[in-house]
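Reading through the C-alpha cells given below for one structure.
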Amino acid sequence: MGYNTLGGRFMIIKQSFVILSMYFLGTVIAEGLHIPIPGNVLGFALLFAALCGKAIKLDQVEKVSNQIVNNLALFFVVPVVGIMVHANLIKAQFLNIFVPLIASILVGLFTAAKVTELLIGREERKLASAERRDSGGGNDQ
C-alpha cells in the first residue's frame with residue numbers, strides 16, 4: 001500500500017499516533033510522578049515494553065519507525081549547531097566535559113559486558129542442566 005493512497009496515509013497517521021501516544025504517556029508519567037527520567041525516554045521504554053508484551057504489534061509502528069530511523073541524522077542538526085555556536089565555552093571546559101564523558105562511556109561499556117557475560121553464563125548453566133536431565137542425570141545404571 002503506497003503512501004499516496006488514502007489507506008496508506010491513514011496507516012501513517014495511525015502509526016504516528018501510536019508512537020506519539022507513547023511519548024505523551026511517558027511525559028505525563030514522568031511529570032506526574034516526578035520521576036527523574038525524561039518523558040521521551042520513559043515513553044520509549046513503554047513502547048518497547050508494549051512491543052515485547054505484544055500489546056502493540058510491530059506492524060502497527062514499523063513503517064513510521066523505519067522512516068524515523070532513516071532520517072535520524074536530522075535530529076542531530078540542532079545539537080551540532082549548538083556545539084559550533086558554543087565552541088569557545090566547550091574549549092574552556094574541555095577536560096570538565098571530556099573526562100566524565102569517557103568515564104561514563106567506560107562504566108557503561110564494562111557494565112553491559114558484565115551483564116552480558118552473566119546472562120550468557122546463566123543460559124549455559126540452564127542448557128547444561130537440561131542436557132544432564134535429558135541424559136538421565138549421568139547415571140547409566
Side-chain angles (χ1 to χ4, degrees), residues 1-5 7-141:
M1 186 177 330
Y3 294 126
N4 294 330
T5 66
R9 289 183 189 146
F10 179 72
M11 177 193 59
I12 296 301
I13 291 169
K14 184 178 172 186
Q15 289 187 12
S16 298
F17 179 77
V18 170
I19 292 171
L20 291 173
S21 295
M22 287 300 189
Y23 163 74
F24 179 72
L25 184 61
T27 302
V28 167
I29 291 171
E31 292 293 321
L33 298 177
H34 304 290
I35 299 173
I37 299 173
N40 57 343
V41 174
L42 191 55
F44 180 71
L46 291 171
L47 179 61
F48 180 71
L51 284 165
C52 287
K54 307 282 192 234
I56 295 176
K57 294 182 181 115
L58 183 60
D59 63 348
Q60 292 177 299
V61 293
E62 189 170 28
K63 286 201 185 282
V64 170
S65 297
N66 287 338
Q67 283 298 104
I68 290 171
V69 170
N70 290 339
N71 295 297
L72 198 57
L74 295 175
F75 294 103
F76 293 100
V77 171
V78 174
V80 169
V81 170
I83 289 171
M84 291 168 52
V85 168
H86 299 289
N88 290 333
L89 180 61
I90 292 171
K91 278 186 210 174
Q93 297 294 321
F94 182 75
L95 284 179
N96 293 337
I97 295 169
F98 188 73
V99 171
L101 178 66
I102 295 302
S104 65
I105 289 171
L106 290 174
V107 167
L109 179 68
F110 288 122
T111 302
K114 193 62 178 172
V115 168
T116 302
E117 182 181 302
L118 291 171
L119 291 174
I120 289 172
R122 189 172 83 177
E123 283 298 313
E124 287 175 349
R125 285 191 300 276
K126 280 183 184 177
L127 288 172
S129 175
E131 286 176 3
R132 280 193 304 270
R133 246 190 337 260
D134 291 343
S135 66
N139 294 334
D140 292 328
Q141 295 177 355

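- Between Arg132 atom CZ and Asp134 atom CG the span is 11.0 Å, to the nearest 0.5 Å.
- Here the straight-line distance linking atom CD1 of Ile102 with atom CG of Leu95 works out to 11.5 Å at 0.5 Å rounding.
- A side-chain contact (heavy atoms from CB on, under 4.5 Å) with Leu74 is found for exactly one of Asn71, Asn70, Val78, Leu72, namely Asn71.
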Ile12/Ser16 under side-chain contact (heavy atoms from CB on, under 4.5 Å): CA gap, chis, key distance, verdict: CA-CA 6 Å; Ile12 296 301; Ser16 298; 4.2 Å; yes
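- Note that CG of Leu20 and CG of Leu25 are 12.5 Å apart. Values are rounded to the nearest 0.5 Å.
- With Ser129 contributing its side chain and Arg125 its backbone, the two residues share no donor-acceptor pair below 3.5 Å.
- For the pair Gln15 (side chain) and Lys63 (backbone), a donor-acceptor distance under 3.5 Å is present.
- Residues Met22 and Ile56 have side chains in contact (heavy-atom distance under 4.5 Å, counting atoms from C-beta outward).
- Atoms CD and CG, from Glu62 and Asp59 in turn, are 7.5 Å apart once rounded to the nearest 0.5 Å.
- Closest heavy-atom contact between Leu42 and Ala30: CD2-N, 3.8 Å.
- For the pair Val18 and Val64, the minimum side-chain heavy-atom distance is 4.5 Å or more.
- When all heavy atoms of Asn40 and Thr27 are compared, the pair lying nearest together is N-OG1, 4.3 Å.
- We find the CZ-CG distance between Phe94 and Leu101 to be 9.0 Å, quoted to the nearest 0.5 Å.
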